[in-house]
Asker: 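Below is one structure. I have some questions about it.
Read the numbers this way: they start at 1 and go in the same order the structure lists the ligands and their atoms. Throughout, residue positions are numbered sequentially from 1 according to the sequence presented.
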Amino acid sequence: MPTRYDVDRPTLAGLLSGEPRFRVDQVWQGLYEQHRSPAELTSLPKSLRARLDRDLPPALVPVAESTADDGQTVKWLWELHDGATIETVLMHYPDRSTVCVSTQAGCAMGCGFCATGQAGFERNLGVGEIVEQVVAAARRAEDSSPPRRLSNVVFMGMGEPLANYDRTWAAVTRIHDDLGMGARHLTLSTVGIVPGIRRLAGEALPVNLAVSLHAANDLLRDELVPINRRYPLATLRDACAEYLEAKNRRLSFEWALIDGVNDRATDAEELAAFARPLRAHVNLIPLNATPGWPTTGTPMPRVTAFRDLLRDLGVNATVRANRGNDIDAACGQLRANHTATPVQLGPRRMQPADPPPY
Ligand code: SAH
Ligand code: SF4
């Protein structure tokens, strides 16, 4: 059965075929502009509200919700109709509110440092399951005090967006066209699926592209990001150049700093040589330790030293604020820990960081 945000306008019109024509606009605006469920649309007759609530069920059932950073970070764990669970994180910054959404339950890419990768792949998310995460965050932002407006969407939650290309792109289109968010406020993050990047280059909407690089030599990247064996760095570089040429959008590289693994001066030099010709922005983040991976994140003084070295080498680099560490807000970690221990709300952890790029 389609869920609330799976149906497009013509399908909704079909569901409302016996009703006055203005009902289609009314319901569509309720869902996409007011971010309300059919049951809350008091301008509709009661029986219609009940019917739509039954015919258009929500995709996401909240299992756990936690806040951190003085309420500036909200994280949800949702259960889907088949029992799969996914995460969504809403982050408020002084000048923007960003939601980080999942595109798959689990992930098949097998990056060893990633909690989602460690758990393996369950299934692709549907369009409605992706869009509803954004709607839930938009609504929460509006309901916070003072009210905030959701401004940015990053596809950096669980899963690999370009391994679920069609549904992810349909969700991007819906978020752009119907939720009214501009393409420059949408960022897709990929581990480096080269055919997907090439396809993206041919799409009409110029979204931002973030590539999770983590290593700029094939030997190390093969180990950290196994898909590199299929799409090695030279191929990835060509696809990134193609995207840049086609879209002229900012390209960024994600680099999780792992103590003693990819945080040495030689790593910075390799990264600079890779990033400079692409005029890419580098986002540094200390690795979040996960139970299934033996190494830890680089300590903050060396993170900033790595950033400074990159800047000296002519690369635009910033340190990403590590939001919601104390609520396991990093990729896949809330889900990984939820079954074992209840969500603990810890004290806010301050970390020196540059303003976020998203
Ligand atoms: N699959 C996509 C998007 C989801 S992962 C991708 O890999 O880009 C989102 C980001 O979180 C990626 O940059 C990923 O490398 C990073 N990440 C995963 N596990 C992490 C960890 N333990 N610490 C820090 N960053 C992590
Ligand atoms: Fe998948 Fe991204 Fe995690 Fe790699 S880092 S396992 S691609 S979610």
Asker: Please assess T266 against E269 for the test side chain to side chain donor-acceptor pair (under 3.5 Å), listing each intermediate value before the final yes or no.
Answerer: CA-CA 5 Å; T266 49; E269 284 156 15; 6.0 Å; no

Asker: Heavy atom under 4.0 Å from ligand 1: found in V211's side chain, backbone, both, or neither?
Answerer: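 Neither; no heavy atom under 4.0 Å.
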
Asker: Rounded to the nearest 0.5 Å, how far apart are CG of L224 and CH2 of W293?
Answerer: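 It is 6.0 Å, given to the nearest 0.5 Å.
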
Asker: Let me know which of H92, R149, E142, Q72 forms a side-chain hydrogen bond (donor to acceptor under 3.5 Å, both in side chains) with S97.
Answerer: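 Only one option passes, and that is H92.
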
Asker: What atoms of ligand 2 come closer than 4.0 angstrom to any heavy atom of V191?
Answerer: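 So the atoms of ligand 2 that pass are 7 (S).
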
Asker: May I ask you to check if ligand 1 and E160 share an N or O to N or O distance below 3.5 Å?
Answerer: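 Checking ligand 1 against E160, an N or O pair does fall under 3.5 Å apart.
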
Asker: Could you list the atoms of ligand 1 found under 4.0 angstrom from a heavy atom of T190?
Answerer: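 What qualifies from ligand 1 is 6 (C), 8 (O).
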
Asker: With a cut-off of 4.0 Å, which atoms of ligand 1 are near a heavy atom of E254?
Answerer: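 Ligand 1 atoms under the 4.0 Å threshold to E254: 13 (O).
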
Asker: Within C107, is some N, O or S atom less than 2.8 Å away from atom 1 (Fe) of ligand 2?
Answerer: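 Checking C107: at least one N, O or S atom is under 2.8 Å.
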
Asker: I would like to know whether R174 and Y32 meet side chain to side chain donor-acceptor pair (under 3.5 Å); could you show each step before the answer?
Answerer: CA-CA 10 Å; R174 190 71 67 79; Y32 285 92; 2.8 Å; yes

Asker: Within less than 2.8 Å of atom 3 (Fe) of ligand 2, any N, O or S from C114?
Answerer: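 An N, O or S atom of C114 is closer than 2.8 Å to atom 3 (Fe) of ligand 2, so yes.
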
Asker: Taking 4.0 angstrom as the limit and counting only heavy atoms of G117, give me the atoms of ligand 2 inside it, by number and element.
Answerer: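 That gives atoms 6 (S) of ligand 2.
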
Asker: Please confirm whether G159 comes under 4.0 Å of ligand 1, counting heavy atoms of the residue only.
Answerer: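 Within the 4.0 Å threshold, so yes.
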
Asker: Using non-hydrogen atoms of the residue, decide whether G159 is closer than 4.0 angstrom to ligand 2.
Answerer: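 So G159 counts as touching ligand 2.
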
Asker: Taking 4.0 angstrom as the limit and counting only heavy atoms of C114, give me the atoms of ligand 1 inside it, by number and element.
Answerer: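 Answer for ligand 1: 18 (C), 19 (N).
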
Asker: State whether the shortest distance between N or O atoms of S212 and N or O atoms of ligand 1 falls below 3.5 angstrom.
Answerer: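 There is such a contact, yes.
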
Asker: What distance separates I227 CD1 from S212 OG, expressed to the nearest 0.5 Å?
Answerer: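 Between I227 CD1 and S212 OG, I get 12.5 Å after rounding to 0.5 Å.
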
Asker: Show me which atoms of ligand 2 lie under 4.0 Å from any heavy atom of M109.
Answerer: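 Within the 4.0 Å cut-off of M109, ligand 2 contributes 1 (Fe), 7 (S).
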
Asker: Which heavy-atom pair separates Q26 from S43 by the least distance, and what is that distance?
Answerer: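 Q26 and S43 have their closest heavy atoms at NE2-OG, 3.5 Å.
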
Asker: Are any of the heavy atoms in G157 under 4.0 Å away from ligand 1?
Answerer: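 The answer is yes, since G157 has a heavy atom less than 4.0 Å from ligand 1.
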
Asker: Mind checking whether F113 has an N or O less than 3.5 Å away from an N or O of ligand 1?
Answerer: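 Such a contact does occur with ligand 1.
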
Asker: To the nearest 0.5 Å, tell me how far C107 SG sits from Q118 CD.
Answerer: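 Spacing of SG (C107) from CD (Q118) equals 11.5 Å.
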
Asker: Is the shortest distance from a heavy atom of H214 to ligand 1 less than 4.0 Å?
Answerer: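 Flag set, H214 near ligand 1.
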
Asker: Salt bridge (charged side-chain N to carboxylate O under 4.0 Å, His left out) for K75 and E87? Distances and angles first, verdict last.
Answerer: CA-CA 7 Å; K75 175 152 185 162; E87 305 170 359; 2.8 Å; yes

